[in-house]
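Comments concern the structure below.
Model, not experiment: these values are computed from the prediction.
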Amino acid sequence: MVSLNGKFLTKRQMFVRLLVVFVIQILFLWAVAFSQQEKVLSLQQYLNKYKDAPKPKHTIIIPAISFSSYGDTTVKKKIELAGQKDVLAWEKEGGYVEWKVDIPESGLYNMAMLYLPLPGKGLGIELSILIDGKLPFDQAQKITFPRVWKDTTGIRKDKKDNDLRPKTDEYPIWQEEDFKDTEGFYNRAYYFYFEKGEHTIRIVNIREPFAIKYIKIYNKDQIPNYSEVSKSYLSLPKTKDVLVKFQAEKTYLKSDPILYPMYDRTDPATEPFHVSKIRLNTLGQWNWKYPGMWASWKFEVPQDGLYKIVIKARQNFQRGMSTHRILYIDGKIPFKEAQDIEFPYSIRWYMKVVGSKDKPYLVYLTKGEHELKLEATLGELSPILTEVEELTVQLNNLYRKIIMITGRDPDLYRDYNLDEQIPDLIDSLNSIRKGLLKQAQDFERYTGQKGGEAELLKRVAEQLKSMAQEPETIPARINNLRDSLSGLSSWLVYRKEQPLEIDYILVASPDAKIPSPTANLFQKIVKEIQAFLYSFVEDYTNVGETYQGQKVIKVWVGGGRDQAQIIRDLINDSFTPRTNIKVNVSLVQTGVIEAILAGKGPDIVLTVSRGQPVNLAARGALVDLSQFKDFDEVKKRFNPTALKPYEYNGGYFALPVTQDFYMMFYRKDIFEELNIKPPQTWDEMYAVIAKLQRYNLEVGLPYQRIDAQEAIDAGLGTRNLFPTLLLQLGGSFYNKEKTKSMLDSSQAVAAFKQWTDFYTKYGLELIYDFYNRFRTGEMPLGIAPYTTYNLLATAAPEIRNQWEMVPIPGIKRPDGTIDRSTAASGTATIILSRAKNKQACWEFLKWWTSDEVQTQFGKELEMLMGTAARYNTANINAFQKLPWSKKEMQNLMEQWKYVKEIEEIPGSYYVIRSLDSAFSAVIYDGMNPRESLWRYTKDINDELERKRKELAMYNK
């Protein structure tokens with residue numbers, strides 16, 4: 001008998017346990033060995049492999065029309081396009097094109113492409129590049145080529161004298177851009193290694209159509225430093241008494257529509273300024289934070305000569321850090337120092353003179369028009385962040401190896417012998433520790449201060465040192481290691497950001513006097529007094545114009561002011577001119593239902609929660625939209641069941657605005673390591689769960705506890721997996737009359753048991769942070785609303801290209817198809833019964849939910865806030881025009897066709913709460929699933945009957 005953790009085991013039991021552990025470890029080591037053989041190199045590994053290779057001074061131009069083959073796409077040779085002759089038009093995204101090229105000398109080369117974006121969805125062009133049929137490094141899976149944008153209207157004004165953002169449209173021009181890193185931390189042109197001889201270059205189109213003139217294989221010339229350039233200045237004329245000022249908010253061109261004018265009211269010296277009105281007077285802030293984002297300005301100088309450049313800036317975002325910009329004059333970097341212009345942290349505006357500490361750098365300009373461009377860059381931070389990212393990936397892989405042996409909750413009384421099971425454990429810990437310490441030292445040298453932002457790197461290094469010295473303590477500290485990984489990932493994301501705000505730019509003579517960047521004390525006091533007085537007369541809730549009269553409709557909008565302003569602009573541009581109906585838009589955050597019930601609400605509310613329309617309709621507060629003659633035509637814009645939650649007593653009381661449904665997310669890299677394919681059915685899901693659990697990896701299934709108010713507002717939709725399982729089994733929540741719950745049916749009991757078994761038999765976790773666990777790889781598979789994509793795409797750069805979003809598992813039917821039915825969630829728009837001009841309100845709802853307007857709103861929202869705000873419109877045609885890649889769109893549309901909405905009835909909030917209680921009784925109290933569900937179904941039916949009596953609905 002052997003004692004283990006207070007329990008006695010026989011020799012036979014000990015043998016079986018040790019045999020299981022041995023098999024798991026053998027499988028784990030085999031998987032690791034397999035993955036090391038097959039895995040594509042990271043960029044850093046690739047560069048290290050070829051670090052001694054030469055960089056030949058050859059330039060090879062490959063005409064695009066000389067392609068050798070193509071597949072799964074449409075390409076056309078064009079004799080002329082937008083001023084360029086003999087080009088290749090790649091008119092539909094997807095597919096590939098290949099070229100043959102002869103390399104005269106082995107070595108590392110940069111690659112560039114002359115391209116023209118074609119009309120598409122408005123995002124950057126995404127490509128993969130393969131050399132001789134293989135990815136050279138992992139980051140080559142997705143390389144982005146930007147579009148160019150231009151403000152087409154200038155800053156506009158509303159009738160209240162507030163500034164409105166200018167309209168921004170794409171400005172398609174031919175550009176030569178390098179294949180470079182814009183998403184990671186390398187932040188420069190990639191190097192590709194070619195042996196001498198013939199090679200095949202394949203470009204795969206991931207997203208957006210474009211035309212291409214040529215591919216260029218070359219090496220960049222070295223940019224001379226300022227001391228070399230300035231030697232030629234001795235004979236050049238110097239200017240005097242010239243001061244050219246141009247406002248930053250009035251850009252010429254820009255890389256992203258999100259670089260729109262901002263407003264600052266903190267200092268009266270900001271130009272232009274008003275104490276109470278909105279003046280769009282700056283550019284940047286947090287919107288100008290990612291490397292590769294740029295803006296340019298046109299300006300004129302009155303004479304030939306040397307000029308200094310001064311930028312009125314504020315960098316009060318990255319505390320204790322500097323942010324960086326590259327300076328271009330007429331499309332070229334004038335000298336090496338202009339590749340990294342530093343903007344230090346300050347809470348106040350300051351004048352940044354481009355130059356060294358003791359004197360400005362001068363540039364020679366000829367009389368006439370010029371273009372100045374500033375591009376965000378990581379500067380000297382790039383090699384530090386690149387190395388920290390590589391170390392983080394190494395540590396993440398090591399962490400995964402450890403938890404594959406110990407699990408997330410190791411037995412603290414067991415010796416796992418990790419240093420024996422993972423032969424390179426100690427060496428890896430020490431190697432990563434040394435790397436982090438070196439980068440911490442470099443970071444401190446770069447920032448000029450000890451501690452601060454480098455402290456995290458030092459703390460993790462100290463932790464790894466202790467683990468290497470005492471490997472037997474690692475299981476007990478596994479949570480600390482995971483927290484360190486999460487901290488490193490967040491540190492990288494934050495460090496990558498390079499925010500900056502600019503008021504104006506000066507191009508001036510070397511001796512020109514520079515104005516003060518801030519107002520004096522007297523001006524600031526006057527400003528504060530005026531602001532206080534204006535606060536009594538300004539209306540900050542209404543967005544844009546306010547109209548009076550019988551034909552005016554009042555619309556309430558939730559969310560932020562920027563979103564409300566987009567809606568206001570769309571109304572002014574298309575709705576009112578077409579219909580002659582005037583609209584007052586108010587920004588309202590809370591109290592919508594209270595205002596409606598009090599009789600003081602608006603005519604239309606644009607976004608209400610899923611459960612609210614039926615509850616309001618039951619009280620006579622909403623208009624039945626089905627009474628309008630063209631309602632059936634409007635219904636066709638949505639999923640066939642999309643209006644089901646808003647149906648009551650044969651009428652429809654809302655139109656869907658947004659819709660969210662489940663998709664499955666999985667880590668491609670981990671699945672490839674373990675030779676697993678994404679599950680298509682629930683039977684396959686059980687097998688995948690078992691295999692992942694053998695390696696102590698987890699699967700995340702959605703579950704969210706709710707409070708009483710959430711139960712009323714949210715609807716049944718995507719709170720948990722039960723509605724999805726019920727729908728796939730052919731069950732329903734209510735009988736046809738919607739008077740009784742059907743949760744005691746055989747389908748409901750089977751779905752409920754399947755749902756609870758995931759937690760009782762398979763041990764899945766109820767509460768977890770899917771985003772962080774997915775990043776670390778300990779939860780490489782999960783089901784979540786598809787809007788989770790937005791978070792992973794923007795906040796997890798270290799796993800870019802390593803994950804995918806696909807349809808959820810389902811049940812295989814006799815004909816071989818897989819039923820992937822799932823419920824959904826979302827918001828709706830309603831018309832209040834108190835509205836005086838109901839037909840005008842209906843015209844507005846038709847306009848708002850139309851293909852054109854929903855597409856435009858979605859695109860402008862993403863332009864405004866980036867990918868994190870990608871719109872989940874319920875309009876199917878509009879959804880297909882949003883900037884998803886071809887593969888992402890195919891997967892989403894495949895799942896959407898299986899979306900089946902759940903009815904909402906008065907009292908359905910009690911269904912949600914009771915279902916949650918029945919689930920808890922099984923999970924926490926061990927109750928039999930059938931007994932638990934039947935018990936709470938009776939309570940549900942009692943509540944539904946009570947609710948019908950309350951609403952005078954009984955027997956109606």
Give the minimum heavy-atom separation between [X] and [Y], together with the two atoms involved.
X: T392; Y: L485; value: O-CD2, 3.8 Å
X: P423; Y: Q421; value: CD-O, 3.4 Å
X: Y46; Y: Y191; value: CE2-O, 3.4 Å
X: M111; Y: I201; value: CE-CD1, 3.8 Å
X: Q139; Y: N801; value: CA-ND2, 4.1 Å
X: P475; Y: T406; value: CG-CG2, 4.3 Å

Straight-line distance of [X] [atom1] to [Y] [atom2], nearest 0.5 Å:
X: L481; Y: S486; atom1: CG; atom2: OG; value: 11.5 Å
X: L781; Y: R773; atom1: CG; atom2: CZ; value: 14.0 Å
X: N720; Y: Y662; atom1: CG; atom2: OH; value: 6.0 Å
X: R694; Y: N696; atom1: CZ; atom2: CG; value: 11.5 Å
X: I206; Y: E126; atom1: CD1; atom2: CD; value: 5.5 Å
X: I384; Y: L492; atom1: CD1; atom2: CG; value: 11.5 Å

Between the main-chain N or O of [Y] and the side-chain N or O of [X], is there a donor-acceptor pair closer than 3.5 Å?
X: Q315; Y: M321; value: yes
X: T788; Y: P785; value: yes
X: T144; Y: I125; value: no
X: E684; Y: Q680; value: yes
X: S382; Y: L378; value: no
X: R207; Y: G124; value: yes
X: N287; Y: I258; value: yes
X: N417; Y: E420; value: no
X: D132; Y: H199; value: no
X: D256; Y: M293; value: no

Pairing donors with acceptors under 3.5 angstrom, does anything connect the side chains of [X] and [Y]?
X: T776; Y: E778; result: yes
X: E390; Y: S42; result: yes
X: S128; Y: Q141; result: no
X: Y186; Y: E389; result: no

Side chain proximity check, [X] to [Y], heavy atoms < 4.5 angstrom:
X: Y416; Y: I474; result: no
X: L41; Y: L135; result: no
X: P809; Y: M664; result: yes
X: P383; Y: R188; result: yes
X: L391; Y: L488; result: no
X: N479; Y: R482; result: yes
X: M467; Y: L425; result: no
X: Y190; Y: I143; result: yes

Verdict with reasoning, Y789 to E888, per side-chain hydrogen bond (donor to acceptor under 3.5 Å, both in side chains): CA-CA 10 Å; Y789 172 96; E888 291 164 350; 2.8 Å; yes

Would you please classify the geometry between the [Y] ring and the [X] ring as parallel, tilted or perpendicular, with 30° and 60° separating the classes?
X: Y109; Y: F194; answer: perpendicular
X: F661; Y: Y786; answer: tilted
X: W286; Y: Y494; answer: tilted
X: Y666; Y: F671; answer: tilted
X: Y686; Y: F758; answer: tilted

Residues in salt bridge (Lys or Arg N to Asp or Glu O under 4.0 Å) contact with R870, at least two apart in sequence or another chain: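 Applying salt bridge (Lys or Arg N to Asp or Glu O under 4.0 Å) to R870 gives E862.
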
Counterpart residues, salt bridge (Lys or Arg N to Asp or Glu O under 4.0 Å), relative to R445 (two or more places apart):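 Salt bridge (Lys or Arg N to Asp or Glu O under 4.0 Å) list for R445, sorted by chain: D442.
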
Taking only Lys NZ, Arg NE, NH1 and NH2, and the carboxylate oxygens of Asp or Glu, determine whether K438 and E387 approach each other closer than 4.0 Å.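 No, K438 and E387 are not salt-bridged.
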
Evaluate N872 against T787 for side-chain hydrogen bond (donor to acceptor under 3.5 Å, both in side chains), listing each step before the verdict. CA-CA 7 Å; N872 56 331; T787 47; 5.5 Å; no

Apply side chain to side chain contact (heavy atoms under 4.5 Å, CB included) to residues W884 and Q890 and explain how you reach the verdict. CA-CA 9 Å; W884 298 96; Q890 288 173 343; over 6 Å; no

Criterion side-chain hydrogen bond (donor to acceptor under 3.5 Å, both in side chains) against N187, the qualifying member of D181, T377, T386: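 Output: one option passes, namely T377.
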
Hey, which of R495, Q498, K289 is the one that makes side-chain hydrogen bond (donor to acceptor under 3.5 Å, both in side chains) with Q318?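 Testing each of R495, Q498, K289 against Q318, the sole residue satisfying side-chain hydrogen bond (donor to acceptor under 3.5 Å, both in side chains) is R495.
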
With a cut-off of 6.0 Å (strictly less than), are more than 12 heavy atoms of other residues, nucleotides or ligands near CD of E380?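 Counting other residues, nucleotides and ligands, CD of E380 stays at 12 neighbours or fewer.
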
With a 6.0 Å cut-off (strictly less than), is the heavy-atom count around NZ of K668, excluding the residue itself, greater than 12?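 Yes, because the 6.0 Å sphere around NZ of K668 holds more than 12 heavy atoms from other groups.
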
Test side chain to side chain contact (heavy atoms under 4.5 Å, CB included) on R667 and F774; report intermediate values, then the result. CA-CA 8 Å; R667 285 283 298 270; F774 192 71; 3.7 Å; yes

Under the criterion side chain to side chain contact (heavy atoms under 4.5 Å, CB included), I'd like the reasoning laid out for F443 against V388: C-alpha separation, chi angles, the key distance, then a yes or no. CA-CA 11 Å; F443 193 84; V388 173; over 6 Å; no

What's the verdict on side chain to side chain contact (heavy atoms under 4.5 Å, CB included) for I478 and R408, showing C-alpha distance, side-chain angles and the deciding distance? CA-CA 7 Å; I478 199 72; R408 285 191 63 253; 5.9 Å; no

